[in-house]
Amino acid sequence: MQRRPPFLKLLALSVVMLVGASPVAAAQPDGGSPQPYPASDPVMAGLVAARLVASGVAALGITTTGDAARTTSTRALPACAYRDIKTRFRNLSQWRTTLVDTRLRVGSSYRPTDLVSVGKANIAGSGQVRRIIIDDLKAMARAARKGGRSIAVRSSYRSYTYQKAVFRSWVHSSDYKRALKYSARPGHSEHQLGTTIDFRSATSQRAPWDYHDWATSRPGSWMQKNAWKYGFVMSYPKGKLSTTCYGYEPWHYRYVGRALARKIHDSRLTPREYLWRHYESAS
């Protein structure tokens, strides 16, 4: 591990590094890495190491460009690439079908107006989520406890500004090219939607990415089998790098509502594939 400077100093230094940065090819995690997150943020620390262990994937050729024109003439899922295209469903009321990935984004002004503490769902952990997910989150947490598989929240809503700081810290820790490998650029993170949660085991403070594979733990296994019943889908399942564009994250779940979650589950597609095919690319 490399020593990390204080958060504010890290931000200032990374801003300088970003100036004049040029678009570069990028790849997904495939080796060891220092901790990129701000020293003051224990929630984020260790995420990269987990991706490296869990994914073990080959490099992808990824490029960056400015805001590009949308093409909806084909339903073919785009290859993984870093672009800055405004996602089609970017209003707060369209939260179920909003697709953000390495290509598609929401703007800096995208901020849910109904954020509440995760504690309202009687689940351990901290942070905020949209009020619309509280009832199902509460039901899921209760069912997990009843089954002896108690879950807790590790990370939840992240603002555009916060994600910007996270990405800049990556740049400072390594360089712009390496930052693109391991961190979502601001506007491209599902956490900004306010409906995405990184879960952990409630009986331990251990981060889910510190496990060899959190899905093999009792709470992780329960989530993998049952989360969809309560409206939550795993965004980045195992072995799906070419379609999700990110490494395996068995702790990262996005809420889309019970009806849509069932459709995604039954389709056997990843959330990105399903949302692209049925919404984003639809005429």
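Atom set for the values below is all heavy atoms of this structure, side chains included, hydrogens, waters and symmetry mates excluded. We number each residue from 1, following the sequence as shown.
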- Query: Do Trp209 and Trp251 have ring centres separated by under 6.0 Å?
  - Reply: yes
- Residues in ring pair (Phe, Tyr, Trp, His ring centres under 6.0 Å) contact with Tyr255, at least two apart in sequence or another chain: Trp95, Phe232
- Side chain to side chain, Thr195 and Val256, heavy atoms closer than 4.5 Å: no
- Task: Check for a donor-acceptor pair, side chain of Ser221 on one end and backbone N or O of Arg218 on the other, with a separation under 3.5 Å.
- Result: no
- With a 4.5 Å heavy-atom cut-off, do Val106 and Gln192 have their side chains touching? yes
- Are side-chain heavy atoms of Arg168 and Pro186 found at a separation under 4.5 Å? no
- Item | Atom pair CZ (Arg111) and CG (Asp114), whose distance is rounded to the nearest 0.5 Å | 10.5 Å
- Could you tell me whether the side chain of Ser117 and the main chain of Gln128 form a donor-acceptor pair under 3.5 Å? no
- Query: Minimum heavy-atom separation for Ile123 to Ala152, with atom names?
  - Reply: CG1-CA, 3.9 Å
- Query: Is there a path from Ile133 to Leu92 through hydrophobic residues (I, L, V, M, F, W, Y) whose side chains come within less than 4.5 Å of each other?
  - Reply: no
- Determine the minimum heavy-atom distance between His188 and Leu104, stating which atoms define it. ND1-O, 3.0 Å
- Message: Regarding Glu273 and Thr270, do their side chains bring together a donor and an acceptor under 3.5 Å, going by distance alone?
- Response: yes
- Query: Take atom CZ in Arg277; do more than 12 heavy atoms of anything else shown fall under 6.0 Å from it?
  - Reply: no
- Just by distance, do the side chain of Ser174 and the backbone of Val171 share a donor-acceptor pair under 3.5 Å? no
- Task: For residues Tyr211 and Ser217, report the shortest heavy-atom separation together with the two atoms involved.
- Result: CE2-CB, 4.2 Å
- By ring pair (Phe, Tyr, Trp, His ring centres under 6.0 Å), which residues pair with His252, not counting sequence neighbours? His191, Tyr236
- Message: Salt bridge check, Asp101 against Arg83: does any charged N sit closer than 4.0 Å to a carboxylate O?
- Response: no
- Give, for atom CG of Asp198 and atom CH2 of Trp214, the distance between the pair rounded to the nearest 0.5 Å. 9.5 Å
- Would you say the side chain of Lys229 lies within less than 4.5 Å of the side chain of His265, judging by non-hydrogen atoms? no
- If you draw a 6.0 Å radius around CZ in Arg131, do more than 12 non-hydrogen atoms from other residues or ligands fall strictly inside? no
- Query: Taking a hydrophobic cluster as the set of Ile, Leu, Val, Met, Phe, Trp and Tyr residues connected by side-chain heavy atoms closer than 4.5 Å, whether directly or through intermediates, do Leu137 and Val116 fall within one such cluster?
  - Reply: yes
- Message: Determine whether a donor-acceptor pair (N or O, by modelled atom type, separation under 3.5 Å) exists between the side chain of Ser201 and the backbone of Ser204.
- Response: no
- Could you give the distance from SG (Cys80) to CG (Leu241), rounded to the nearest 0.5 Å? 6.0 Å
- Side chain proximity check, Arg185 to Tyr82, heavy atoms < 4.5 angstrom: yes
- Task: Could you tell me whether a side-chain N or O of Thr196 sits under 3.5 Å from a main-chain N or O of Glu190, the two making a donor and an acceptor?
- Result: yes
- Query: Going only through I, L, V, M, F, W and Y residues with side-chain contacts under 4.5 Å, is there a path from Tyr246 to Val100?
  - Reply: no
- Quick one: are Ile151 and Met223 in side-chain contact, heavy atoms under 4.5 Å? yes
- Message: Could you check whether any side-chain heavy atom of Arg262 comes within less than 4.5 Å of a side-chain heavy atom of Trp228, counting everything from C-beta outward?
- Response: yes
- Task: Under the salt bridge (charged side-chain N to carboxylate O under 4.0 Å, His left out) rule, what do Asp135 and Lys120 come out as? Steps first, then yes or no, please.
- Result: CA-CA 9 Å; Asp135 288 346; Lys120 289 188 175 294; over 6 Å; no
- Task: Can you see which heavy atom on Val233 is nearest to which on Pro271, and at what distance?
- Result: CG2-CG, 3.7 Å
- Quick one: CE on Met140 to CG on Asn226, what's the gap to the nearest 0.5 Å? 9.5 Å
- Message: If I take atom OG from residue Ser235 and atom CD from residue Glu249, how far apart are they, to the nearest 0.5 angstrom?
- Response: 8.5 Å
- Task: Decide, yes or no, whether a salt bridge links Asp84 with Arg103 under the criterion of side-chain N to carboxylate O below 4.0 Å.
- Result: no
- Message: Same cluster or not: Ile132 versus Tyr110, using hydrophobic residues (I, L, V, M, F, W, Y) connected whenever any side-chain heavy atoms lie under 4.5 Å apart?
- Response: no
- Message: So does Arg90 get a backbone contact from the side chain of Gln94, meaning a donor-acceptor N/O pair under 3.5 Å?
- Response: yes
- Query: Can you hop from Tyr274 to Leu99 via hydrophobic side chains spaced under 4.5 Å?
  - Reply: yes
- Query: Looking only at atom types and distance, does a side-chain atom of Thr97 sit under 3.5 Å from a main-chain N or O of Tyr279, one as donor and one as acceptor?
  - Reply: no
- Query: If you group Ile, Leu, Val, Met, Phe, Trp and Tyr whenever their side-chain heavy atoms sit less than 4.5 Å apart, what else falls in with Tyr157?
  - Reply: Leu115
- Message: For Glu280 and Thr87: C-alpha separation, side-chain torsions, deciding distance, then whether side chain to side chain contact (heavy atoms under 4.5 Å, CB included) applies.
- Response: CA-CA 8 Å; Glu280 188 71 28; Thr87 191; 3.2 Å; yes
- Query: When you measure from the side chain of Arg272 to the backbone N and O of Thr243, does any donor-acceptor pair fall under 3.5 Å?
  - Reply: yes
- Task: State whether the side chain of Arg149 and the backbone N or O of Gly147 hold a donor-acceptor pair below 3.5 Å, judged by distance alone.
- Result: yes
- Minimum-distance pair of heavy atoms, taken over all atoms of Ala215 and Tyr248: CB-OH, 3.2 Å
- Note on the structure: Taking every heavy atom of Gly127 against every heavy atom of Ser156, the minimum-distance pair comes out as CA-OG, 3.3 Å
- Query: Is there a side-chain contact between Arg254 and Leu193 (heavy atoms, below 4.5 Å)?
  - Reply: yes
- Nearest 0.5 Å, what's the OG1-CG distance between Thr98 and Leu275? 8.5 Å
